[in-house]
Structures are given as C-alpha cells and as structure tokens.
2 protein chains.
Amino acid sequence: MNSALDDRLPRYQRLRDDLAARINRNEWRPGDLIPSEAELGAHYGVAIGTVRKAIDQLVSDGVLERQQGRGTFVRRARFNSSLFRFFRFQSETGERRVPQSRIVRRKAMPATTAVASALRISVGEPVISLSRLRLIDDVPLLAEEIWLERSRFEAILALDTAEFGDLLYPLYEDRCGQVVVSADEILTVEIATEMQSRLLRLEANAPLIVIERLAFDLERRPIEWRRSRGPADRFRYHAEIR
Amino acid sequence: MNSALDDRLPRYQRLRDDLAARINRNEWRPGDLIPSEAELGAHYGVAIGTVRKAIDQLVSDGVLERQQGRGTFVRRARFNSSLFRFFRFQSETGERRVPQSRIVRRKAMPATTAVASALRISVGEPVISLSRLRLIDDVPLLAEEIWLERSRFEAILALDTAEFGDLLYPLYEDRCGQVVVSADEILTVEIATEMQSRLLRLEANAPLIVIERLAFDLERRPIEWRRSRGPADRFRYHAEIR
DNA sequence: TAGTGGTCTAGACCACCCC
DNA sequence: GGGTGGTCTAGACCACTAA
C-alpha cells in the first residue's frame, strides 16, 4: 500500500510517493510553497539530485510547479487545464465560459455493479450520486450523472446545494480534500431518448455525445466517475496524442 | 532553425535536438542501437549525466527506448500506439483488427489555404492529396482525406497504389524516411451528406464523427493532415487527459 | 545580498545482458 | 568478465527573485 516504505524501490520513487501522500493529506495545500530542495534533501537524508528527480516527476504529473528563484509550489486547481476541456462545447470562438451548474438531484445509495467496478470498490459500498445540469445563458448544454465514494466525500451530503457553485473540482478540494489530477475519458455517440431530448431541449432522435470520465487523485486512485451527455452538433473535442 | 547550434540553450537541449535530427535523417533507423551514453558523452564532450538528460527527453517523446544492460534503441513503428486508436471503431470487444485500406484517389496539387495553414507551408506549395476508404469485412468504416507536403513524400507518388498496404505510417517511414511521433486531434460530429452516406452505406442524415488529425515528426513539424469520417454510432474514442 | 531552482560535472556502485 | 543502463552522491557555477 505505502510504497514510501518499500526499500526495493529507488529512493527517488519512495520520496516522490511520500511527497505525493503529504500533499494528498493536505500537509501542503494548493498554492503553498514546499520546502526547498536542500531542506528536503537534508530532512530525508538524500542528495539534492535525488530530491530533484522526485520533484521532476511530480512536476510532470502536474502536481507541483517550479519557479526559478522563488521555490516549488503545489499547483492550484487549474481552470485552464484540459480537465475542463469540454467547456469548448458551443463556442468555437475560443472564449471560454464556465457554464452555470444546477444540481438536480443528490442522494446517498449503495454502489451498483457498474459504479463499483468503475470506482474499484465493492458492490453495495456507500456512494453519492449527483445529477447536474449545465447551462450557458440558461440554455441546457450538458446533463451529467456523477458518482463519488461516500467515505471520501461525506461533506458533499451536508452541503446546501445552492452553495455548490459552478465547478465541482474546487469544491472537492476545499470541502473534502480530494484533488483530481488526471482522468480517462471515453467518447461515444448515441441518440437522445425522449426524456433526454426534453431535458436538453432538442429535437427527438438528435445525436448526443456521451463523455464518460473516470477521474483520479495523484495516487492514481479513482475518485469520481461521471457520464455527461450533450448535443453532438455543438461539440468539439481536442486531444493531443502520444 | 537548428537549435543544436544555439548556445543560449542548455547543452542537454542542444544534444537532444542534435540526436533527434540524426534520427530524423536516418543516421539510425528504427530498431537500431545508438552509441552508449559514455561514447556519446565523449563524442560531444559533455558529462554522462548531460547525455542521460537528453536521452531521457527522447525516451519520454517515445523516440528512443532504453534496455538495461543492452543499450538504447530507436523505437520501431508502434502499432499498439494510441496513434492507431480509432481502429477501436466498431469492436467494443477489445479485439483490434487493422481495417483494410483502399486508396480511392491520389493526386499532386498546390496547397489550398486550409491545407497550407495546417501544414504550415505557403499557399500554392506542392502537396499530395490522398483519398482512402477503410473497411472491415468489406464494410466501409471510415472515409479519409489526407494531405502531405510533396517535397517530403515524393516517393508516394511513384508507388503503385496496390503496394500501399493497410497502414500509411510504416509506408511513410520505409519509403520517405518520415516518422510520425505525435499528433493533435479534433473531434466533431456532423450530419452525412448524400454522397457521404452513399459511400459509407448509411441512411440519409446519419450522424458522422469527424476526426481531424495533424501529425508531427519528432522535431514537432507537421507532416500530415488528415480528416476522417465514420458512422458515429459505431465509434468509441479513448483519451487520457492531464 | 541571500536564497532558490537550473545546469553541468565527475565519479561510485548496482542490476542486468551477453559472451 | 566486460559493457550497458539505473541509481545516487557531492559539489560547482549560473540565472532569477525578493528584500
């Protein structure tokens, strides 16, 4: 479980994992300055080059950010990150607007087979299910279903739905200490059911883009599963490969 | 142009660029063993750590591959690469079949505005345009339009279209010495025109997925632009983000 | 000016591969 | 046993930031 203790691994790996765990448990929060490379080297009893190698990895994971002459910082939630890419929905003009969000439903429930397998927990474990509608200028753009492991996101249940705001990831960070750093997405196209076309104000049988996303924390554990559907004709998705 | 000579850049960068150029000009070909780190260090007059840093970059670019105890090799064309991902078209079962390819049209022409801007050349420069149909079990799956800068791909014009085979990138490599290592893709959905639906044997007005891909060589110069269209209902696209 | 990260060096020891 | 890449060290000098 805790690779920071497994002495078969190289030191820079164990150091990387230990630093990742310290960030994950909020010892340093996004925006914070972490100790200098020299201090970390002294503290862990390793050479500065080894510290650099560990930090290099966390930088390329997008968790830390170096600033020459200033120090190394925990990256803040990144609103320009590709995690937010499908806000490119609609505007091909490049202006990025954050859509309004409306929580339609929130409930605690036991994990179904599909949810359990996505989140890699056991069937029946407690999860939280959210339904959310996202709109631009009051026009519905995206209908989302979201599942979270309850033990990590208990605080979400207590929160007034009006307090949610338009973005979930900052909420996860502030209220639950859960940071999303990467995700896998699968895109497919399907035809809108009658209910969906009513919800999204589309013609019957209009094509929908379906984005399934499994989001991971920096220890590569799945923490959120969501399925989003929106009108295919307003959609544009960009990916860099290899 | 040639950053290997720009002495404002760090040595490992110039070394990386010089090695990349040597691979690009086929001094070493895919599968070849390159000189050891020690030899390269001696040859370039830098420390071995600096060589390692340059090689590290090329490894993470997917250009080189290290094998402990054996040496460092130029990677072969990678058929399991995500560059080949949308062969996932159709089979959700995981079996990856390479579709047959049929070259429908090939011609030399001057670059239009759109093509020139994608390939970052001047309008009117000579390019090669290919139209290709891809099929599985003789069922059309994807209609592709492909543009190549003529000066790099002259050999493509001379080749018998029957000799093309089912994959283009190995052909680029073998016949033209051009290696694709990364790409940008943009996905959109549109409605099939009458001609397209005939070609792909679809109902009129069926939704099509459109994948525009700009492919780069290892010096990050665009070498191929293609636009592929296929039936949206058989499509599945996977992406890892961040 | 003091402190930080960025580059570069030189060398030690290890694990692995192949002869 | 000799050569390769993988890890780790210790220290020099530079560029940049902030006080």
Side-chain angles (χ1 to χ4, degrees), chain A residues 3-20 22-23 27-76, chain B residues 3-20 22-23 27-76:
Chain A
S3 64
L5 303 174
D6 182 346
D7 65 3
R8 290 166 308 180
L9 288 172
R11 294 194 201 187
Y12 68 86
Q13 269 296 352
R14 288 176 290 172
L15 181 50
R16 181 244 169 239
D17 291 338
D18 193 61
L19 293 175
R22 289 175 76 177
I23 296 164
E27 196 166 321
W28 305 300
R29 298 183 53 88
D32 283 0
L33 176 68
I34 70 166
S36 74
E37 297 174 348
E39 279 178 88
L40 289 171
H43 179 268
Y44 285 96
V46 298
I48 216 173
T50 306
V51 177
R52 285 188 66 76
K53 202 158 176 180
I55 291 180
D56 281 345
Q57 289 201 7
L58 292 168
V59 169
S60 84
D61 290 344
V63 178
L64 294 178
E65 190 174 17
R66 301 184 134 110
Q67 292 188 35
Q68 182 168 150
R70 302 223 301 136
T72 300
F73 299 80
V74 180
R75 283 190 73 177
R76 307 188 157 281
Chain B
S3 64
L5 303 175
D6 182 346
D7 65 3
R8 291 166 305 181
L9 289 173
R11 294 193 198 184
Y12 69 86
Q13 270 296 352
R14 288 175 289 168
L15 181 50
R16 182 248 168 235
D17 292 337
D18 193 61
L19 294 175
R22 290 175 74 176
I23 295 164
E27 195 166 321
W28 304 301
R29 297 183 54 87
D32 282 1
L33 176 68
I34 71 166
S36 75
E37 297 173 347
E39 280 179 87
L40 289 171
H43 179 269
Y44 285 97
V46 299
I48 216 174
T50 305
V51 176
R52 284 188 66 77
K53 200 158 176 180
I55 291 180
D56 280 345
Q57 288 201 7
L58 292 168
V59 169
S60 85
D61 291 343
V63 178
L64 293 178
E65 190 174 20
R66 296 180 193 274
Q67 292 188 36
Q68 183 171 143
R70 303 224 299 136
T72 301
F73 298 81
V74 180
R75 283 190 71 176
R76 304 184 160 282

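So that the names make sense, note that chain A is the first sequence line, chain B the second, and so on, each numbered from 1.
- Distances shorter than 4.0 Å separate none of the side-chain N or O atoms of S36(B) from OP1 or OP2 on dG3(D).
- Salt-bridge check for R66(B) with E37(B): passed, with a basic side-chain N closer than 4.0 Å to an acidic carboxylate O.
- Distance I55(B) CD1 to dG6(D) C1': 13 Å, rounded to the nearest Å.
- Taken to the nearest 0.5 Å, the CG atom of L15(A) stands 7.5 Å off from the CD1 atom of I55(A).
- Here CZ of R52(A) is found 8.0 Å from OG1 of T72(A). Values are rounded to the nearest 0.5 Å.
- Side-chain atoms of D32(B) come within 3.5 Å of backbone N or O of R29(B) as a donor-acceptor pair.
- Atom OH of Y44(A) and atom P of dC8(D) are 15 Å apart (whole Å).
- Side-chain proximity of Y12(B) to the nucleotides dG5(C), dC8(C), dT7(D) is greatest for dC8(C).
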- Task: Decide yes or no on salt bridge (Lys or Arg N to Asp or Glu O under 4.0 Å) for K53(B) and D56(A), but give the supporting numbers first.
- Result: CA-CA 12 Å; K53(B) 200 158 176 180; D56(A) 281 345; 5.8 Å; no
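- For the atom pair CH2 of W28(B) and CG of L33(B), the computed distance is 10.0 Å after rounding to the nearest 0.5 Å.
- Taking atom CG of residue L15(B) and atom P of nucleotide dT7(C), one finds them 14 Å apart after rounding to whole Å.
- Straight-line distance from the CG atom of L33(A) to the P atom of dA18(D): 11 Å, rounded to whole Å.
- In the set dG6(C), dC8(C), dG5(D), the nucleotide with an atom closest to the side chain of R52(A) is dG6(C).
- Residue K53(A) places at least one side-chain N or O closer than 4.0 Å to OP1 or OP2 of dT7(D).
- One finds a side-chain N or O of R70(B) lying less than 4.0 angstrom from the OP1 or OP2 phosphate oxygen of dC18(C).
- Per the geometry, CD belonging to E39(A) stands 10 Å off C1' belonging to dG3(C), to the nearest Å.
- Between the side chain of R14(B) and the backbone N or O of L9(B) there is at least one donor-acceptor pair closer than 3.5 Å.
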Could you go over nucleotides 9-15 of chain C and give all protein N or O partners under 3.5 Å, atom names and distances?
residue	atom	partner	partner atom	Å
dT9(C)	OP1	R11(B)	NH1	2.6
dT9(C)	OP2	A47(B)	N	2.8
dT9(C)	OP2	T50(B)	OG1	2.5
dA15(C)	N3	Q68(B)	OE1	3.1

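- When the P atom of dC8(C) is taken as reference, atom CG of L40(B) falls 16 Å away, rounded to whole Å.
- We find that CD of E65(B) is positioned 13 Å from C1' of dG5(D), with the value rounded to whole Å.
- Taking side-chain N and O atoms only, R66(B) has a distance below 4.0 Å to OP1 or OP2 of dG6(D).
- Going from atom CG of D56(A) over to atom C1' of dT7(C) covers 12 Å, rounded to whole Å.
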